[in-house]
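Notes to accompany the following structure.
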Amino acid sequence: MSDQEYMVKAEGVHKSFGRLEVLKGIDLTVKPQEVMCIIGPSGSGKSTFLRCINHLEKINAGRLWVGDSLVGYRQKGDKIFELHEKEVAAQRQEIGMVFQRFNLFPHMTALENVMEAPIRVKKEPKQVVREWALTLLGQVGLSDKASSYPSQLSGGQQQRVAIARALAMRPKLMLFDEPTSALDPELVGDVLEAMKQLALGGMTMIVVTHEMGFAREVGDSLVFMDYGVVLEQGHPREILANPQHPRTQDFLSKVL
């Protein structure tokens, strides 16, 4: 399959923690440059699915591709072999992830946080990385905060540094796990604006979110998950205005 058809493809993805089955057969396709928003109640498997995409969690059954590569595995004939940790790490470099918590290095400035991975992991020249990092901080509206430490930044500013840090590795796919849920309401807008600009720039994104306005405005597709399965998917505006599944109707009646 050419990687033009999809950027992410999930086929029958299952994931269990002990006896608890969290994902019960997820089938999803994300096209290049698509922004997919995933909504649903807590415990529905949204974050677990994201973590499976970059192999922070190993799936128990099914297949997951990013581009034309199987995530975490290699196929030879009919058999599947698990990749070595080094190969998994190389795959993971192509996937940026932004979590609810910013996890910035407290002893490094915003600029140093963004520069760290390309220098350490990709061994890129410091001066080249510095220019790129400054460009990225500009993109997320933080040119004036390059020399600030995380403790000197608001939560929203720290989250935008975290976005710039993920972009520093030049990923082909960005995963966002409820990136605004830990923020004060007045700080949410700046983070969503930075994400919107990313989307306008053509970045393929999967966003687990409670921000229905963002999903409606920026999303190309909307997925409603509950109990580890996809119950409904389609265009954000259509689903938000006229949900078909009773469970989606119930959920949206509480959050909209």
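The closest side-chain heavy-atom distance from Met169 to Pro118 is below 4.5 Å. Within the 4.5 Å cutoff, the side chain of Met195 has no heavy atoms near those of the Val98 side chain. Between Ile53 and Leu64 there is a side-chain heavy-atom pair separated by less than 4.5 Å. Between Glu57 and Val22, every side-chain heavy-atom pair lies at or beyond the 4.5 Å cut-off. A 4.5 Å side-chain heavy-atom check between Val140 and Val161 finds every atom pair outside the cut-off. Residues Trp65 and Glu11 are in side-chain contact: their nearest non-hydrogen atoms beyond the backbone lie under 4.5 Å apart. Residues Val191 and Ile163 form a side-chain contact, since some pair of their non-hydrogen atoms from C-beta on lies under 4.5 Å apart.
Evaluation of the side-chain hydrogen bond (donor to acceptor under 3.5 Å, both in side chains) test over residues 191-202, restricted to residues two or more places apart or in two chains, returns Glu193-Gln197, Lys196-Glu217. Among residues at least two apart or in separate chains, side-chain hydrogen bond (donor to acceptor under 3.5 Å, both in side chains) pairs with a member in residues 228-243 are Glu232-Thr248. Pairs of residues two or more places apart, or lying in two chains, that qualify as ring pair (Phe, Tyr, Trp, His ring centres under 6.0 Å) and include a residue from residues 237-256 are Phe224-Phe251. For residues 124-136, the pairs satisfying salt bridge (Lys or Arg N to Asp or Glu O under 4.0 Å) are Glu124-Arg170, with sequence neighbours left out. Pairs of residues two or more places apart, or lying in two chains, that qualify as side-chain hydrogen bond (donor to acceptor under 3.5 Å, both in side chains) and include a residue from residues 80-90 are Lys58-Glu82, Arg74-Glu87.
For the atom pair Gln91 CD and Leu70 CG, the distance stands at 8.0 Å (nearest 0.5 Å). Atom CG of Asp226 sits about 4.0 Å away from atom CZ of Arg247, to the nearest 0.5 Å. Here the straight-line distance linking atom OG1 of Thr135 with atom CG of Leu167 works out to 11.5 Å at 0.5 Å rounding. Summarising the geometry, atom CD1 belonging to Ile59 is positioned 9.0 Å from atom NZ belonging to Lys15; distances are rounded to the nearest 0.5 Å. Rounding to the nearest 0.5 Å gives a distance of 13.0 Å between NZ of Lys31 and CE of Met7. Between atom CG of residue Leu136 and atom CE of residue Met115 there is a gap of 11.5 Å, rounded to the nearest 0.5 Å.
Val223 is connected to Leu50 through a chain of hydrophobic side-chain contacts under 4.5 Å among Ile, Leu, Val, Met, Phe, Trp and Tyr, so both are in one cluster. Note on Val218: it does not cluster hydrophobically with Leu252, by side-chain heavy-atom contacts below 4.5 Å among ILVMFWY residues. Under the 4.5 Å side-chain heavy-atom criterion for ILVMFWY residues, no single connected hydrophobic cluster contains both Val188 and Val255. Under the 4.5 Å side-chain heavy-atom criterion for ILVMFWY residues, a single connected hydrophobic cluster contains both Val114 and Trp132. Grouping the Ile, Leu, Val, Met, Phe, Trp and Tyr side chains by contacts below 4.5 angstrom, directly or via other members, places Tyr6 apart from Val35.
Gly12 approaches Asp27 most closely through the heavy-atom pair N-OD1, 2.7 Å. In plain terms, the two heavy atoms of Phe49 and Leu28 that are nearest each other are CE2-CD1, 3.6 Å. The shortest heavy-atom contact between Asp177 and Ser47 is OD1-OG, 2.7 Å. Shortest non-hydrogen contact noted between Leu23 and Cys52 is CD1-SG, 4.1 Å. Met225 approaches Pro41 most closely through the heavy-atom pair O-CD, 3.5 Å. In terms of heavy atoms, Gly96 sits closest to Pro171 at N-CB, 3.4 Å.
Within the 3.5 Å criterion, the main-chain N or O of Asn113 finds no donor-acceptor partner in the side chain of Arg165.
Qualifying salt bridge (charged side-chain N to carboxylate O under 4.0 Å, His left out) partners for Lys254, counting only residues two or more places apart in sequence or in other chains: Asp250. Legend: residues meeting side-chain contact (heavy atoms from CB on, under 4.5 Å) with Asn54, ordered by chain and number and at least two apart, are Leu56, Arg92, Ile95, Met97, Leu175. Under the ring-ring contact (aromatic ring centres under 6.0 Å, His included) criterion, Phe99 pairs with no residue, sequence neighbours left out.
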Please tabulate, for side-chain N and O atoms in residues 141-151, each donor-acceptor pair with protein atoms closer than 3.5 Å (sequence neighbours left out).
none

Please table the atom pairs, donor to acceptor, closer than 3.5 Å between any side-chain atom in residues 198-216 and protein atoms at least two apart or in another chain.
residue, atom, partner, partner atom, Å
Thr204, OG1, Gln33, N, 2.7
Thr209, OG1, Glu211, N, 2.8
His210, NE2, Glu178, OE1, 3.4
Glu211, OE2, Thr180, OG1, 3.3

Got a list of side-chain donor-acceptor pairs under 3.5 Å for residues 102-111, not counting sequence neighbours?
residue, atom, partner, partner atom, Å
Asn103, ND2, Arg101, O, 3.4
Thr109, OG1, Glu112, N, 3.1
Thr109, OG1, Glu112, OE1, 3.4

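Remark: Glu94 engages Lys172 in a salt bridge, criterion side-chain N to carboxylate O under 4.0 Å.
When hydrophobic side chains of Ile, Leu, Val, Met, Phe, Trp and Tyr are connected at separations under 4.5 Å, Val88 ends up clustered with Leu83.
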Check your understanding: After noting the C-alpha distance and the side-chain angles of Val8 and Met36, does the key distance pass the side-chain contact (heavy atoms from CB on, under 4.5 Å) rule?
Key -> CA-CA 11 Å; Val8 179; Met36 175 180 280; over 6 Å; no

